[in-house]
Amino acid sequence: MLNAMPGQWSGMTFTSFQFGIFVAVVFGAYYLAPLRRFQVQLLVLASVFFYGFGQPELLPLLLIAVLGTYVCLVLAFENRAVWMPAGIVFNLGLLAFFKYKFLFLDAGAAQLTGAAPIDFLLRLPLPIGISFFVFHNISLLVDLTREKRTARLRDVFLYIIFFPQLVSGPITRAAQFMPQIVPKRIGDVAFVEAAKWILVGYFFKLYVANNLNEMTSYMDFPLYETLRTQDRWLLVFLYSYQIYADFFGYSAIALGLGLLFGYRLPVNFNLPYISTSFSEFWTRWHISLSTWLRTYLYIPLGGNRHGRVRTCLNLMIVMTLGGLWHGASLSYALWGMAHGLLLVVERPFLKLRGNEAPALRVIRMGIVFFCVTMLWIFFKLPDFDHALGYLKGMFIATDAPNPPKLFTNLALLYALPVIVQHAGIGALVAGRLRRWEPYLYGGLAALAHLEAGADSAFIYFQF
């Protein structure tokens, strides 16, 4: 395991049989009357077990991250000006060490430094979820010291490592989560809402994302060299649907699991592909990350309070760092920088928008979706040369004597749920078609079980 590639996860995925048993056991014990006083401790232990099941050798790191943050938090109540920045630097240092060290070191070298203990540390795999729990740590330091509200160590542990959101978010602000740490009763559980979120999440992951993954795997190098030009275009759009279904599915399952244990996590997606501007897209896509970046980076940088040039610079800084947050890669940096540039370019035109015609809204929606989809190429292919190679083949006819057979009709069938969802079927079912809702969810469950694609890890596990 110590030689595992960054982002690998050998633990319990949300779609595994073991995870189902794990949740059932924890849920059963959680609401037992004799254990009600120890609900927080039980969830902490369950979360430690969940994380350790995949990366047991990195549990000490998780412990160091939490305890180090807690010590800085306690000290910050005495001297916020010193210890809050110290806690932030501590967490960003952990993130930088594990995520960006190979920007400066050759990962393939037999000896990295020549010192065995240091080489051992440098070769530790990327801890799963480190990008998410580091952001939780920073939120904890900023929010609680600003409100001058102390927190017990067990509560800090729960906020940072709560297992439904530990590996891939959503990123929950401390000010949102900490007040929810109160005794829970099974009679207060929103079972119907939780079941809906979990069922929809599994459907989008198993039926949509996993089936599309079998096709979009041809986007990887060197497989994409066997593709025809038209197939490259098809796969880019399929990946756009896949990454949404995959991450929306994970977030929906996490939200439903949180509800089962009495915690409401933030909604992470709100139909992003119907956005008519790039700024709107970032209020609908990975909402918890966008909110975190705005609250803890964009606003402290000055936001839009210091003139047009400074605002544009702040947008570029935030989006570029947001790209690098996903990984130490030129492709990720350019992906974030391109989104920042799009936000800057469109900004003067947003004020000119009025009551526009429906046709114009559709055109704007199409432009935003097209640009977002094209940029996913740099997300899918972190190696910049591979991304350029894929792009080149989209505009220059390639010689592929034996191209793989891609079934367009089947691709549309798997992508259709994303399209239908964005067309507003949810609001329709919740309204005039409410009586058909049980049949809809029954159909989703049947498709998720009978037509599930080959098992694949959640895309955001690598971050």
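Only heavy atoms go into these numbers, but all of them, side chains included; no hydrogens, no water, no symmetry mates. For reference, positions follow the sequence shown, starting with 1.
At a threshold of 4.5 Å between non-hydrogen side-chain atoms, the residues V200 and Y441 count as touching. Between S277 and R364 there is a side-chain heavy-atom pair separated by less than 4.5 Å. You'll find the side chain of F90 reaches within 4.5 Å of the side chain of T69, heavy atoms only. Side-chain contact check for T172 versus F162: every heavy-atom pair is 4.5 Å or farther apart. You'll find the side chain of L343 reaches within 4.5 Å of the side chain of E346, heavy atoms only. The side-chain heavy atoms of T150 and F77, taken from C-beta on, include a pair separated by under 4.5 Å. For the pair I459 and N213, the minimum side-chain heavy-atom distance is 4.5 Å or more. A heavy-atom distance below 4.5 Å is not found between the side chains of F49 and L45.
W233 and F237 have parallel rings, their planes meeting at less than 30° on a 0 to 90° scale where 60° marks the start of perpendicular. Ring geometry for Y207 against F203 counts as parallel: the plane angle stays under 30°, on a 0 to 90° scale with 60° as the upper cut.
Here the shortest heavy-atom pairing between L235 and M215 reads CD2-O, 3.5 Å. Minimum interatomic distance between S16 and T13 (heavy atoms only, all atoms of both residues): OG-O, 2.8 Å. Of all heavy-atom pairs between P164 and A254, the closest is O-CB, 3.3 Å. Residues V418 and V208 share a closest heavy-atom pair of CG2-CG1, 4.0 Å. Scanning both residues, A338 and L375, for their nearest heavy atoms gives CB-CD2, 3.6 Å. Closest of all the heavy-atom pairs between V142 and M84 is CA-SD, 3.9 Å.
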Inset, instruction - Give the intermediate values and the outcome of side-chain contact (heavy atoms from CB on, under 4.5 Å) for residues I181 and F177. - result: CA-CA 7 Å; I181 303 179; F177 188 90; 4.0 Å; yes
Legend entry - Evaluation steps, side-chain contact (heavy atoms from CB on, under 4.5 Å), between E214 and N211: CA-CA 6 Å; E214 295 185 37; N211 279 307; 3.9 Å; yes
Inset, instruction - Could you check V236 against W376 for side-chain contact (heavy atoms from CB on, under 4.5 Å), going step by step and ending with a plain yes or no? - result: CA-CA 8 Å; V236 167; W376 284 134; 5.7 Å; no
Inset, instruction - Step by step, work out the side-chain contact (heavy atoms from CB on, under 4.5 Å) result for Q165 and L257. - result: CA-CA 9 Å; Q165 64 181 22; L257 290 171; over 6 Å; no
Inset, instruction - Any chance you could lay out the ring-ring contact (aromatic ring centres under 6.0 Å, His included) test for F378 and Y332, step after step, and finish with the verdict? - result: CA-CA 6 Å; F378 295 96; Y332 287 135; over 10 Å; no
Inset, instruction - Take R146 and D143, measure what salt bridge (Lys or Arg N to Asp or Glu O under 4.0 Å) needs, and give me the verdict at the end. - result: CA-CA 5 Å; R146 178 190 294 145; D143 288 1; 3.8 Å; yes
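In the model, N304 has no side-chain atom that pairs as donor or acceptor with a side-chain atom of T311 under 3.5 Å. Checked by atom type, the side-chain pair S331/D383 shows no donor-acceptor distance below 3.5 Å. With 3.5 Å as the limit, one finds a donor-acceptor pair spanning the side chains of S139 and Y296. Judged by distance alone, the side chains of Y273 and S240 do bring a donor and an acceptor atom under 3.5 Å apart. Residues Y460 and H326 have side chains that bring a donor and an acceptor to within less than 3.5 angstrom of each other.
The line from CG of L166 to CZ of F132 is 10.0 Å long, rounded to the nearest 0.5 Å. Here the straight-line distance linking atom OG1 of T15 with atom CG of N210 works out to 6.5 Å at 0.5 Å rounding. Rounded to the nearest 0.5 angstrom, L153 CG and L67 CG are separated by 6.0 Å. Distance check, rounded to the nearest 0.5 Å: CZ of R173 to CD1 of I138 gives 13.0 Å. Rounded to the nearest 0.5 Å, atoms CG (L412) and CD1 (I419) are 5.5 Å apart. The CZ atom of F370 sits 8.5 Å away from atom OG1 of T373, with the distance rounded to the nearest 0.5 Å.
Residue F191 places its CZ atom among more than 12 non-hydrogen atoms of other residues, nucleotides or ligands, all under 6.0 Å distant. For R264, the CZ atom is loosely surrounded, since the number of other residues' heavy atoms within 6.0 Å does not exceed 12. By the 6.0 Å contact criterion, CZ on R361 is open, its count of non-hydrogen atoms from other residues, nucleotides or ligands being 12 or less. Counting heavy-atom neighbours within 6.0 Å of R305 CZ, excluding the residue itself, gives a total above 12.
No donor-acceptor pair closer than 3.5 Å links the side chain of T295 to the backbone N or O of W292. Checked by atom type and distance alone, the side chain of E147 never pairs as donor or acceptor with a backbone atom of L144 at under 3.5 Å. Using modelled atom types, one side-chain atom of S329 and one backbone atom of P382 make a donor-acceptor pair closer than 3.5 Å. The closest donor-acceptor contact from the side chain of Y51 to the backbone of I128 lies under 3.5 Å. Between the side chain of S288 and the backbone N or O of P170 there is no donor-acceptor pair closer than 3.5 Å. Of the possible donor and acceptor atoms, none in the side chain of S290 sits under 3.5 Å from a partner among the backbone N and O of T283. In this structure, the side chain of Q55 does not engage the main chain of P127 through any donor-acceptor pair within 3.5 Å. Proximity of a side-chain donor or acceptor of Y100 to a complementary backbone N or O of L324 within less than 3.5 Å is detected. Looking at N314, its side chain does come within 3.5 Å of a backbone N or O of G303 through a donor-acceptor pair.
For K184 and Y263, the positive end sits near the middle of the six-membered ring, less than 6.0 Å away and at most 45° from its axis. Annotation: cation-pi geometry satisfied between R232 and Y390 (NZ/CZ under 6.0 angstrom from ring centroid, within 45° of ring axis). For the pair K205 and F14, the cation-pi test (distance below 6.0 Å, angle within 45°) is failed. Geometrically, K99 engages W325 in a cation-pi contact, judged by NZ or CZ lying under 6.0 Å from the ring centre and within 45° of the ring axis.
For Y31 and F27, the ring centers sit closer than 6.0 Å to each other. Aromatic pair H136/Y159: ring centres closer than 6.0 Å. Taking the six-membered ring for Trp and the full ring otherwise, the centers of H422 and F369 sit at least 6.0 Å from each other. Here F261 and Y30 bring their ring centres to under 6.0 angstrom of each other. Aromatic rings of F269 and Y244 (six-membered ring for Trp) have centroids within the 6.0 Å cut-off, being under it.
Here K380 pairs with D220 in a salt bridge; the nearest charged N to carboxylate O distance falls below 4.0 Å.
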